[in-house]
Amino acid sequence: MSIWIRVGGVVPADEVAPHSLPTWETLADGGSGECGFLYGTDARHSHRLLRPGTLLEVLDGCCPLWFGRIVDYDRTGGKVTGRGIHVDATGIPAVDGSGATTRVLSTALATAQAAPWLWPVHNPYQFDGTATGEGGEPLMVAALFDQLAEQAGKRWGIHPDRGLYVLQEATTPTWAIAPDGLAFGATDSERVTHLVGRYLEGETYKTVVVGDGERQPATARTEDLSDRGSMTQVEATAVLQTMLDAEKGRTGWTGGVTLSADQVTRNGVPAYLPGVHARGTMVRVTGMAQGHGVVQSLWDQVPLAKTRYDAERPDEIYVEPIGTAPRTLAAVGS
């Protein structure tokens, strides 16, 4: 394993000062989560490449594993904290070259790549699309991508190679988790049968309800579509139905689990843990009966929401499934 860190897009981090190996997260939504490592420096040390906003990468040889920016450098403890590059999109407006609001992915991305934003992301698969609705308030690029992915039933993010992805949720497992690694607890507490949408038609706010009558008890959740601008009832219903379809057949989970390489395998071969990620990844959890529906099986297939890998502890990885229910007061209230 040859894990190393690059700062500023070109400089190996150990040329700044000696440092620890990194810990990093991957996310189904966004691509790269949080990253952190420690520099062996004193409080007087303040290098220009450790300023917030500096590009930060984790690589294995020439293979990118994580990509983002430094968000904080604690000079007292030497800790560097990074966040994924997708977060940039929350502060870049979705506009065209003239500054007018746009709902077209390729137009908004082209502007984001240009000055003054200079977002270091490319679109290798030429994803495009137009968000439903007209007019409305100006959007940020992240909000536009959220809407486009949501109405298509997909997830978006930035791969560590800086490429945009818009992926359907995985339906085929990449990894198998051994029975002794199982620690996911199932819950129905976060699943809903109906969505109640508020939308804007012309200048009038209206409400539409979509539902799945197959499961009891019936439970609803509200969705505000008014920030998408004016839309018809048919368009609003289609958006809500796509959201509800994503809920069907999905089990809620009560937490994640830390696994060893021997507990995560493909065709019986232990995983190379730094390469296990949550971008469009599903795992087959053997030894756990799937108890939702009439047909029972001896395994369940779970899409991953997050992984966390600490290169200082190379023989284990934390994985968390999509649909993890909040289990703390702070999480429930957020």
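Hydrogens, waters and symmetry mates play no part in the numbers below; they use all other heavy atoms, side chains included. As the structure is a prediction and not an experimental result, all values here were calculated from the model.
- Taking both residues in full, the closest heavy atoms of T307 and V276 are given as OG1-O, 3.6 Å, listed atom of the first, atom of the second, then distance.
- Within the 4.5 Å cutoff, no side-chain heavy atoms of H19 are placed close to those of V80.
- Atoms CG and CD, on D262 and E316 in that order, are 12.5 Å from each other to the nearest 0.5 Å.
- Residue T242 comes nearest to G153 through the heavy atom pair CG2-N, 3.4 Å, listed as atom of the first residue, atom of the second, then distance.
- With 3.5 Å as the limit, one finds a donor-acceptor pair spanning the side chains of Q151 and T132.
- Within the 4.5 Å cutoff, the side chain of I70 has no heavy atoms near those of the R51 side chain.
- The salt bridge (charged side-chain N to carboxylate O under 4.0 Å, His left out) contacts involving residues 85-100 comprise R69-D88, R83-D88, where partners must be two or more places apart or lie in separate chains.
- Considering only heavy atoms from C-beta on, L56 comes within 4.5 Å of I5 through its side chain.
- With hydrogens and angles disregarded, no donor-acceptor distance shorter than 3.5 Å links the side chain of E15 to the backbone of P12.
- Looking at T23 and E312, their side chains never come closer than 4.5 Å, going by heavy atoms from C-beta outward.
- Using a 4.5 Å cut-off on side-chain heavy atoms (C-beta onward), E34 and T81 make contact.
- Between Y125 and F127, the two ring planes are tilted [angle within 30° to 60°].
- Partners of H47 according to the ring pair (Phe, Tyr, Trp, His ring centres under 6.0 Å) rule, which considers only residues two or more places apart in sequence or in another chain, do not exist here.
- For the residue pair P160 and F67, the shortest heavy atom distance occurs at O-CB, 3.7 Å.
- L304 and L65 end up in the same hydrophobic cluster when Ile, Leu, Val, Met, Phe, Trp and Tyr side chains are linked at under 4.5 Å.
- Every side-chain contact (heavy atoms from CB on, under 4.5 Å) that Q168 has, sequence neighbours left out, goes to K154.
- The line from CZ of R284 to OG1 of T174 is 11.5 Å long, rounded to the nearest 0.5 Å.
- Between H86 and D29, the shortest heavy-atom distance links the atoms NE2-O, 4.4 Å.
- Remark: A238 pairs with no residue by the side-chain contact (heavy atoms from CB on, under 4.5 Å) rule, at least two apart or across chains.
- The closest donor-acceptor contact from the side chain of T111 to the backbone of T107 lies under 3.5 Å.
- Listed for the H277 side chain is no donor-acceptor partner under 3.5 Å among the backbone atoms of G31.
- Contact of the V166 side chain with the L148 side chain is not registered, since no non-hydrogen atoms from C-beta on lie closer than 4.5 Å.
- Counting all heavy atoms, side chain and backbone alike, A131 lies closest to Q147 at CB-OE1, 3.8 Å.
- Listed for the Q301 side chain is no donor-acceptor partner under 3.5 Å among the backbone atoms of T172.
- Panel note: side chain R228, backbone Y199; no donor-acceptor pair is recorded below 3.5 Å.
- Distance alone, capped at 3.5 Å, places no donor-acceptor pair between the D74 side chain and the K79 backbone.
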- Item | Worked check of side chain to side chain contact (heavy atoms under 4.5 Å, CB included) between T26 and S32 | CA-CA 5 Å; T26 72; S32 295; 6.0 Å; no

- Dump the intermediate steps for side chain to side chain contact (heavy atoms under 4.5 Å, CB included) on V196 and T207, then the final yes or no. CA-CA 7 Å; V196 182; T207 301; 3.6 Å; yes

- Item | Criterion side chain to side chain contact (heavy atoms under 4.5 Å, CB included) on W156 and I158, from CA distance to verdict | CA-CA 7 Å; W156 77 271; I158 310 301; 4.2 Å; yes

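- Between W119 and F145, the ring planes are tilted. Angles from 30° to 60° get that label.
- Between the side chain of W175 and the backbone N or O of Q263, no donor-acceptor pair lies under 3.5 Å.
- Here Y318 contributes atom OH and K306 contributes atom NZ; the two are 6.5 Å apart, rounded to the nearest 0.5 Å.
- E57 has a carboxylate O that lies under 4.0 Å from a charged side-chain N of R162, or vice versa, which qualifies the two as a salt bridge.
- Looking at R155 and I322, their side chains come closer than 4.5 Å, going by heavy atoms from C-beta outward.
- To the nearest 0.5 angstrom, L164 atom CG is 5.0 Å from N123 atom CG.
- Connection of L259 to W24 is established within a shared hydrophobic cluster, with ILVMFWY side chains joined at heavy-atom distances below 4.5 Å, either directly or through further cluster members.
- Using a 4.5 Å heavy-atom cutoff, the side chains of Y165 and P124 are not in contact.
- The nearest pair of heavy atoms linking L273 to S260 is CD1-C, 4.3 Å.
- The structure places CD1 of I85 at 14.5 Å from NE2 of H159, a figure rounded to the nearest 0.5 Å.
- The hydrophobic cluster around V95 extends to none of the other residues, as no ILVMFWY side-chain heavy atom falls under 4.5 Å of it.
- Taking OG1 of T102 as the reference point, atom CG of L139 lies at 9.5 Å (rounded to 0.5 Å).
- In the hydrophobic cluster analysis, where Ile, Leu, Val, Met, Phe, Trp and Tyr join through side-chain heavy atoms closer than 4.5 angstrom, V283 is grouped together with V257.
- Applying the salt bridge (charged side-chain N to carboxylate O under 4.0 Å, His left out) rule to pairs touching residues 195-208 yields R198-D224, E201-K206, sequence neighbours excluded.
- Note on W66 and V11: same hydrophobic cluster, where clusters join Ile, Leu, Val, Met, Phe, Trp and Tyr whose side-chain heavy atoms are under 4.5 Å apart, directly or indirectly.
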- Item | Worked verdict on V239 versus E223 for side chain to side chain contact (heavy atoms under 4.5 Å, CB included) | CA-CA 10 Å; V239 170; E223 293 287 346; over 6 Å; no

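- If you chain together hydrophobic residues whose side chains sit under 4.5 Å apart, V319 and V58 fall into the same group.
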